[in-house]
Novice: 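Shown below is the structure under consideration.
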Amino acid sequence: MIALVDCNSFYCSCERVFEPKLENKPVIVLSNNDGCAVARTDEAKSLGIKMGEPYFKIKSVCEKNKVSVFSSNYSLYGDMSRRVMKILNEYTPEMEIYSIDEAFLSFQGMKNNLVNYSYEIKSEVKQLTGIPVSVGIGPTKVLAKVANNYAKKNKQLTHGVFLIDTSKNSDDILKRFPVEDVWGIGRKSAEKLLTVKIKSAYDLKYANEFVIQKMLTITGRRIVQELRGQNCIEMELDLAAKKQIVSSRSFGRPIYQKEDLMEAIANHVTTACEKIRKQNCVAGTILVFVQTNPFKNTPQYYNSATMNLLSGTSATNKMIHYAFKCLDQIYRINYEYKKVGVILMDIVPKSLSQLDFFDSHDSIKDDKLMKTIDHINQFQGTGSVKFAACGVVQFWKMLSQMKSPNYTTRWSELLRVT
DNA sequence: TCTGGGGTCCTAGGACCC
DNA sequence: TCTGGGGTCCTAGGACCC
């Protein structure tokens, strides 16, 4: 059996840990730039606040109902996530960290009462971190997901833990489970399935798998089989290296000048290169894109430029240089830019990277420089040393007006109890 | 005024090879 | 009238996830 442990309204729960008076009150957390609601507590959901809804549209609802609104605080959520995952790992030798707030736990070969075991996990996580979780258990990942969803939606009945198997009684759950809520079935697939009258997880489970494959490709067929209790989606036990690394951000205000775009891009390159060095890899291709605001009634422009490097690199200085060359190709004057980003691709382990005859690969000097920079920034804080191209004022920075303190990652912002 | 960011997998079709 | 068969690699775009 496999368990899916999922933190309830994770970002909101993190905020509540350090502000307990928010318990049982509506809380939402906004995306970057204070754009959309990306996490809502049950209380906020029942006010009708939808996932991904722009904040400016719900602001009045929030004010009227005294909803606590937070900008996202990723250093806090990342740190809380690490704490939760560490505890989960003590309950199984095999675990897949699926996202910042979810993990699959293998219960293979365990003889315990799995439901009771899961209650134990749930209460330990709550006690040691303050984060409430729900646990779904099933013979496959898809069924564990169904079980988790059921546990979350029926808290009174399940107390946050639910097991689903391949027995007849479980079919009753699947009958009442909308097919669009099945893991891997999105809006488009649900629309297609509706044309052949498949509306529930139950309908999908007993559909002809070859017909489903025709409609939804092999991915859809796998879901059918998983619903039947047949394992098709493997557990991924070790942290796979990223195949592409993206750093991008919307601006807090409209940007016109090339110099400002360059500054932002230099920062994105810095972030992306730090990540790629962390996984001991180099990138063979860089892509830079620029974009105006599609929601605004202004002249629209989107463009990107790619550069294939002769030899892979992870050196920030080199990559900034290439990124600027890309920008030269796509920058057009007089547009109101809203967003730029950098994507690193063709990522391979540094040890396997092809060197080049004319020394455009990472020289020993570059390697030393990057190591030193990473080391300083690790101990003195991100951005303590950086390339001048990254700028100092950074007035293009994003909005983040309601951010909570970095309670767990910054000495100066520790919670004070008075 | 105001609408996020970071990923993965799959397929069709083009280009190319013998 | 009439033009093979089998294969690989690459890319863009779609769909999905959190």
Side-chain angles (χ1 to χ4, degrees), chain A residues 4-11 28-40 49-60 62 69-74 77-78 81 96-104 141-142 145 148-149 179-193 213-223 232-234 236 239-254 268 271-272 275-276 279 284-285 287 289 291-298 304 306 308 336 338-347 398-402:
Chain A
L4 175 70
V5 182
D6 188 323
C7 303
N8 302 344
S9 316
F10 181 55
Y11 298 169
I28 63 171
V29 174
L30 303 177
S31 61
N32 282 324
N33 250 324
D34 295 340
C36 309
V38 289
R40 305 109 70 219
I49 296 173
K50 299 271 179 306
M51 177 68 184
E53 209 164 356
Y55 180 50
F56 72 89
K57 284 190 183 170
I58 51 172
K59 201 168 176 182
S60 59
C62 292
V69 181
F70 290 91
S71 304
S72 34
N73 182 346
Y74 285 102
Y77 311 148
S81 172
E96 173 185 342
I97 298 178
Y98 178 64
S99 75
I100 194 165
D101 74 330
E102 276 176 65
F104 288 103
K141 279 184 167 179
V142 167
K145 272 277 194 181
N148 186 286
N149 190 304
V179 76
E180 63 266 27
D181 290 350
V182 174
W183 188 45
I185 303 293
R187 192 172 48 88
K188 294 276 180 183
S189 301
E191 275 169 24
K192 282 185 199 162
L193 289 173
Q213 177 165 3
K214 252 217 161 124
M215 290 176 86
L216 308 180
T217 78
I218 189 70
T219 325
R221 184 170 164 200
R222 284 192 195 124
I223 295 170
C232 295
I233 307 173
E234 293 289 307
E236 279 165 37
L239 241 84
K242 296 266 180 283
K243 294 175 179 173
Q244 77 174 31
I245 291 175
V246 180
S247 177
S248 71
R249 207 60 97 222
S250 300
F251 299 120
R253 64 192 75 182
H268 290 312
T271 309
K275 285 188 186 168
I276 209 170
Q279 63 176 42
T285 303
L287 180 150
F289 67 88
Q291 176 183 318
T292 51
N293 187 347
F295 295 104
K296 216 167 167 180
N297 194 15
T298 49
S304 67
T306 342
N308 294 306
E336 186 180 315
K338 177 65 177 172
K339 184 175 179 178
V340 295
V342 167
I343 307 179
L344 301 184
M345 294 173 292
D346 290 336
I347 294 176
M398 66 172 186
L399 293 173
S400 188
Q401 294 178 328
M402 297 158 279

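Proteins come first, then strands; the chains are lettered A, B, ... in the order of their sequence lines, and each starts at number 1. For clarity, every value in this text was computed on a predicted model and none was experimentally measured.
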Novice: Looking at every heavy atom in both A/S9 and A/R40, which two are closest together, and how far apart are they?
Specialist: OG-O, 3.0 Å
Novice: Less than 4.5 Å apart, any side-chain heavy atom of A/I223 and any of A/L216?
Specialist: no
Novice: Sticking with atom P, work out how far B/dT3 lies from C/dC18, rounded to a whole angstrom.
Specialist: 25 Å
Novice: Classify the nucleic acid contact of A/E53 as base, sugar-phosphate or nothing, counting any heavy atom under 4.0 Å across all strands shown.
Specialist: nothing
Novice: Tell me what A/I185 touches on the nucleic acid: a base, only sugar-phosphate, or nothing, going by heavy atoms under 4.0 Å.
Specialist: sugar-phosphate
Novice: Could you check A/N293 against A/E336 for side chain to side chain contact (heavy atoms under 4.5 Å, CB included), going step by step and ending with a plain yes or no?
Specialist: CA-CA 8 Å; A/N293 187 347; A/E336 186 180 315; 5.5 Å; no
Novice: What contact category does A/F295 fall into here, base, sugar-phosphate, or nothing, at under 4.0 angstrom with non-hydrogen atoms?
Specialist: base
Novice: So what's the dot-bracket for DNA chain B: Watson-Crick or G-U pairs under 3.5 Å, [ ] if a pair crosses, | if it pairs off-strand?
Specialist: ....||||||||||||||
Novice: To the nearest 0.5 angstrom, please state how far the CZ atom of A/F104 sits from the CG atom of A/D6.
Specialist: 9.5 Å
Novice: Where does the chain A footprint on DNA chain C start and end, counting 5' to 3' with a 4.0 Å heavy-atom cut-off?
Specialist: C/dA15 to C/dC18
Novice: So A/V29, base contact, sugar-phosphate only, or nothing? Heavy-atom distance under 4.0 Å.
Specialist: nothing
Novice: Base, sugar-phosphate or nothing for A/S72? Non-hydrogen atoms, less than 4.0 Å.
Specialist: nothing
Novice: Heavy atoms, side chains only, cut-off 4.5 Å: are A/D101 and A/Y77 in contact?
Specialist: no
Novice: Under 4.0 Å between any heavy atoms, over every strand shown, what does A/R222 touch: base, sugar-phosphate, or nothing? Just pick one.
Specialist: sugar-phosphate
Novice: How is A/L216 classified with respect to the nucleic acid when contacts are heavy atoms under 4.0 Å: base, sugar-phosphate, or nothing?
Specialist: nothing
Novice: Show the nearest heavy-atom pair for residues A/C62 and A/I49, with the distance to one decimal.
Specialist: SG-CD1, 4.1 Å
Novice: Under the salt bridge (charged side-chain N to carboxylate O under 4.0 Å, His left out) rule, collect the residues that match up with A/K57, sequence neighbours excluded.
Specialist: none
Novice: So which one's nearest nucleotide on DNA chain B is more toward 5', A/K275 or A/P54?
Specialist: A/P54
Novice: So what does A/D34 hit on the nucleic acid, given a heavy-atom distance under 4.0 Å: a base, only sugar-phosphate, or nothing?
Specialist: nothing
Novice: At 4.0 Å (heavy atoms only), tell me whether A/K192 reaches a base, stays on the sugar-phosphate, or touches nothing.
Specialist: nothing
Novice: For A/V29 and A/F10, what are the C-alpha separation, side-chain angles and deciding distance, and is it a side chain to side chain contact (heavy atoms under 4.5 Å, CB included)?
Specialist: CA-CA 10 Å; A/V29 174; A/F10 181 55; over 6 Å; no
Novice: Any salt bridge between A/K141 and A/E236, counting N to O under 4.0 Å?
Specialist: no
Novice: Return the 5'-most residue of the pair A/N32, A/F56 with respect to DNA chain B, ranking by each residue's nearest nucleotide.
Specialist: A/F56
Novice: Under 4.0 angstrom, heavy atoms only, what part of the nucleic acid is A/K242 near: base, sugar-phosphate, or nothing?
Specialist: sugar-phosphate
Novice: If you look at every strand shown and take non-hydrogen atoms under 4.0 Å, does A/I100 touch a base, only sugar-phosphate, or nothing?
Specialist: nothing
